[in-house]
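Bear in mind that the values here come from a model prediction, so they are computed numbers and not experimental data. Within every chain, numbering begins at 1; the chains are lettered A, B, ... in the order of the sequence lines, protein sequences first and strands thereafter.
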Amino acid sequence: MRYLPLTETDRRSMLGVIGAKSVDDLFRDVPREAYLTTLVDLPMHAGEIEVERELAKLANRDVAAGAVPFFVGAGAYRHHVPASVDHLIQRSEFLTSYTPYQPEIAQGTLQYLFEFQTQVAMLTGMEVANASMYDGSTAATEAVLMAARVTGKKRVVLSGNLHPHYAETIRTTAETAGLEIVSGRAAAGAGETADHLLDENTACLVVQNPDFFGSLRDLTPLSEAAHAKGALLVAVVTEIVSLGSVTPPGEMGADIVAAEGQSIGNALNFGGPYVGLFATRQKFVRQMPGRLVGETVDVEGRRGYVLTLSTREQHIRRDKATSNICTNSGLCCLAFTIHLALLGEEGFGRLAGLSHERAVMTADRLAKLRGVEVLTPTFFNEFTVRLPKPAADIVEKLTKENVLGGVPVSRLMPHDKTMANLLVIAATELTTPADIDAFATALSKVLS
Amino acid sequence: MMNKQGRPTHGAAGDHAHFETISGDRGLDHEEPLLFEIGRLGKCGVDLPETELKHDRLGGLRRRGAIGLPGLSEPEIVRHFVRLSRKNYAIDAGLYPLGSCTMKHNPRLNEKMARLPGFADIHPLQPVSTVQGALMLIEQLAHWLKLLTNMPAVAMSPKAGAHGEQCGLKAIKAAHQARGEKRSVILVPESAHGTNPATAALVGFTVEEVPANERGRVDLAALKSKLGPHVAAVMLTNPNTCGLFENDMRAIADAVHKAGAYFYCDGANFNAIVGRVRPGDLGIDAMHINLHKTFSTPHGGGGPGAGPVVLSEALAPFAPLPLIVHDNNGFRLIEDDAEAKGRDLKPFGRMCAFHGQMGMFVRAMAYMLSHGADGLAQVAGDAVLNANYVLASLKDVMSAPFGSGPCMHEALFDDAFLKDTGVSTLDIAKALIDEGYHPMTMYFPLVVHGAMLIEPTETESKHALDDFIRVMRGLAEQAKSNDKSRFEGAPFLAPRRRLDETAAARKPVLRWTPPAKTTAQAAE
């Protein structure tokens, strides 16, 4: 078996040193009735040829985003990742290294994490960021827990225009963590109303910008409303590329930013692995969850990096930790750092500009179709339209026309009848005029 | 006699190697500044056209002012990250004796399969008719996990082991609530991994510790005495963090169930028993499986992980959304509470957006298909054999508190053998770095003093083990010979010497700051 280096000769020799008769002998602490005497009922081992064949058969049943005109967003976005990124993250020393608990032999990992933390703070307009979380939804959840710790209050107000999966994830953790969650009403293209729910017991207001429907709004009045009640503003960003064009939450009064970084460096991957970004003000640093990398020097005075403020974390504080987290997003984080390094200021601005431009082109083209109404006058690369019929059916029919035409809101808000005809549509720099044509033609056909 | 830098002066390495270079680099070891220190305006590593859009739709929220990102060309970026990579130890380069981490070889076939467009280039919210292959793969992986553990259900969405622990405890809490019971305590052994009590606290439980007996296992009598109507669950690791099989598992499960509680098993050490023991046969109710440990998905310098949780009949109804079901139209997802309730399921909620770590599922599936039932049983056998070989080869010069019997996949040593030498566990670990190894897990578990936990895994050859053993014996002997020269101030040969972690925590510098801003801040 190609991954297992021991030979029978090795085993015999090793058993001799140990003084055991057989490998089974080493399992003698296992109760006999629990120790299997036959193999589990699964196929036997297979070589690369067979494994490739079997998995390729499964993969070939899927419609890849790159194969058709593609307009699906709602929390994950298809951007172009330069060839160097995937090549670099597969270097052995990045791919197969462990968590950098021994900093002397992990400066590669620690330095890129320090660079990542700096990039995230810059993008979000905040002072400090951590070394990544699992994804945007768990980052938002951790932000809520942190706000409760910082303010000592237990009530959390969620915007109704927050990505429904994010809202559900926050609720799931918050309810057993002793917090009360209230949500505003969802409304595509309308103003934010969740701030009306703020009171003196509120720990934070969670808003998303651009929101789930794609709308952009100035968060400054919302942060002022929150602060007036002694609450923090948590800003969620699901499309990180938007920060190349849009005022960042840090310049609009946000106290914590929880974002999804998948758009930079990481493929769609059917929902994971992704990379959560978490940024806040310096004064809250000791309440942050997740790993933090800090700068220091070694005994010879040379600059180096280490994991720091570990007394917040589970391996030191156990049940008093700020969070139970053990992993960050490692390699996804590295992909983000490298891609953003390749983009730089100019490239990132252009990437954002192109994404916005293609979305504007798409919106303007579709708005010309009879029965299609664009509900979100401001947006970055994602907008919502109202169709004359249920959007879920339309999307199924578009699939038969070989177009992946967006996400029906009803998929994530199945019980709100006012949402049944709403479709969320995303575009990026990869969206071509031909794609937009194909979408418009197919939609027109399906609507008639 | 020591020179100024504290390097041992025992000859051979050559004092002529101690000159200062002009560059500050030494051979293949390059000093590498931060991106922000080498980036420049006007440089870019991609060629993207400018937008031609005249009027934006940003509602007056156009970002003004520079972000501050550095610009570099592709060659500069490639060189930067290649140089950084060379400062890292990695399993591809050498053995990691890290107990409870299962640092095994990461097959490259896994990487190739995960990148097939039909898995990598699909969106979680595409119509399910367009992702049948992906859903089928997740179901197939779920099937293998259930069969290997003999459990009827599995929650696939947790993104890491600790996330899986949270999922399992949430299901347990929901199950108690459904019975109208409010139980607030989780029993956890003193030797537990930190994520166990941290997770219990997160889910709103308080933790009570159960001591170990003199054989390094959970004290059954002590555990039984702590059970009662206030105990929601017991969280155990098996094999435990001392590398020993908890022989009383079945008795513990029976006692726990009799007391109306549930049995959570931390599956971090599944590598010791995969294909040979099924935790479901021992009476557990939930167990997370670290795909990045037992099933070889790469550690990636700290992530991403994946922590699916197998569940018993009692807990299965509470599994979180989404659920994958199969009907006449093929596979589809239940993503909504109401639809789940229509099937008599009571998901406790949702662990995260979308469906789980698909990229890691593909890698784990490729690994499982490659090994098969026979290969997986051999994985556990060789992992246990390798650990016992290390234990048997070192216990005469080091101290193994439970060395009189076999260990499982990891061998535990303590610092008794270092008594009166002035050398600590930390010193041994740092000296190992100079010898070309990553240190073993140190000071964990907490139940022995100065713990050293060694898990070689099954992908180490006998040759690699013999080399490691020889070095450990040499270090142990040197420590006991009262020659501290190579321990004090180690490591000497790594890209960095010991780093000042105290200073880092006292005045945290967590990002690079542009020089102008630093001056302004200093002036405040």
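Contacts between B:His105 and chain A at a heavy-atom distance below 4.5 Å involve the side chain alone, from C-beta outward. Interface remark: A:Val407 contributes side-chain atoms only to the contact with chain B (heavy atom separation under 4.5 Å). At a 4.5 Å heavy-atom cutoff, the contact between B:Leu98 and chain A is made by side-chain atoms alone. For B:Arg250, no part lies near chain A; criterion is any non-hydrogen pair under 4.5 Å. Interface residue A:Leu243: backbone and side-chain heavy atoms are both found under 4.5 Å from chain B. For chain A, no part of B:Pro320 is nearby; none of its heavy atoms comes within less than 4.5 Å. With a 4.5 angstrom heavy-atom cutoff, B:Ala93 does not touch chain A via any of its atoms. The contact between B:Leu116 and chain A is made entirely by side chain atoms (from C-beta outward), counting heavy-atom distances below 4.5 Å. If you measure heavy-atom distances from A:Leu404 to chain B, the contacts under 4.5 Å come from the side chain alone. Neither the backbone nor the side chain of B:Ala200 comes within contact range of chain A; no heavy atom of the residue lies under 4.5 Å from a heavy atom of that chain. Using a 4.5 Å cut-off between heavy atoms, A:Glu33 does not touch chain B at all. Using a 4.5 Å cut-off between heavy atoms, B:His80 touches chain A through its side chain atoms alone. With a 4.5 angstrom heavy-atom cutoff, B:Leu35 touches chain A via backbone and side-chain atoms both. In this structure, chain A has a heavy atom under 4.5 Å from the side chain of B:Ile433, while its backbone stays farther away.
Per-residue heavy-atom pair counts under 4.5 Å with chain B were compared for A:Leu55, A:Val23, A:Asp10, A:Leu39, and the maximum is reached by A:Leu55. The candidate from B:His292, B:Lys43, B:Glu165, B:Glu32 with the greatest count of non-hydrogen atom pairs under 4.5 Å with chain A is B:Glu32. With respect to chain A, the highest number of heavy-atom pairs below 4.5 Å among B:Ala392, B:Pro124, B:Gly45 belongs to B:Pro124.
Checked by atom type, the side-chain pair A:Arg91/B:Ser85 shows a donor-acceptor distance below 3.5 Å. Side chain to side chain, B:Ser370 and A:Glu48 fail the donor-acceptor criterion of an N or O pair below 3.5 Å. Between the side chains of B:Asn88 and A:Thr109, at least one donor N or O sits under 3.5 Å from an acceptor N or O. B:Lys430 and A:Gln102 share a donor-acceptor pair across their side chains, judged by distance under 3.5 Å alone.
Under a cut-off of 6.0 angstrom, the local environment of NZ in B:Lys112 is sparse, with at most 12 non-hydrogen atoms contributed by other residues, nucleotides or ligands.
Taking the side chain as every heavy atom from C-beta outward, B:Ile77 and A:Ser84 never approach each other to under 4.5 Å. Proximity of A:Pro31 to B:Phe245: side-chain heavy atoms (C-beta onward) are separated by under 4.5 Å at one or more points.
Considering CG of B:Leu69 and CG of A:Leu343, their distance stands at 8.5 Å, rounded to 0.5 Å. For the atom pair CG (B:Leu84) and CD1 (A:Ile338), the distance works out to 9.0 Å, reported to the nearest 0.5 Å. Put simply, CG on B:Asp382 and CG on A:Leu4 are 5.5 Å apart, with the number rounded to the nearest 0.5 Å. Atom CD in B:Glu74 sits 6.5 Å away from atom CG in A:Leu342 (nearest 0.5 Å).
Salt-bridge annotation for A:Glu104 and B:Arg496: absent, with no side-chain N of the basic residue lying under 4.0 Å from a carboxylate O of the acidic one. For B:Glu335 and A:Arg411, the salt-bridge test passes: some basic side-chain N is under 4.0 Å from an acidic carboxylate O.
Taking every heavy atom of both residues into account, A:Tyr98 and B:Tyr96 meet most closely at N-OH, 3.1 Å.
Ring-plane geometry between A:Tyr134 and B:His163 is classed as tilted, the angle between the planes lying from 30 to 60 degrees on a 0 to 90 degree scale.
For A:Glu396, the side chain to side chain donor-acceptor pair (under 3.5 Å) test picks out no residue, with sequence neighbours left out. Listed by chain and residue number, B:Lys170, B:Phe348, B:Arg350 satisfy the side chain to side chain contact (heavy atoms under 4.5 Å, CB included) test with A:Thr172 (two or more places apart in sequence, or in another chain).
A cation-pi arrangement is absent between B:Arg511 and A:Phe114 under the rule of less than 6.0 angstrom and at most 45 degrees off the ring axis.
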> Can you list the steps and then say if A:Thr296 with B:Glu501 is a side-chain hydrogen bond (donor to acceptor under 3.5 Å, both in side chains)?
Replying inline: CA-CA 7 Å; A:Thr296 187; B:Glu501 303 192 21; over 6 Å; no
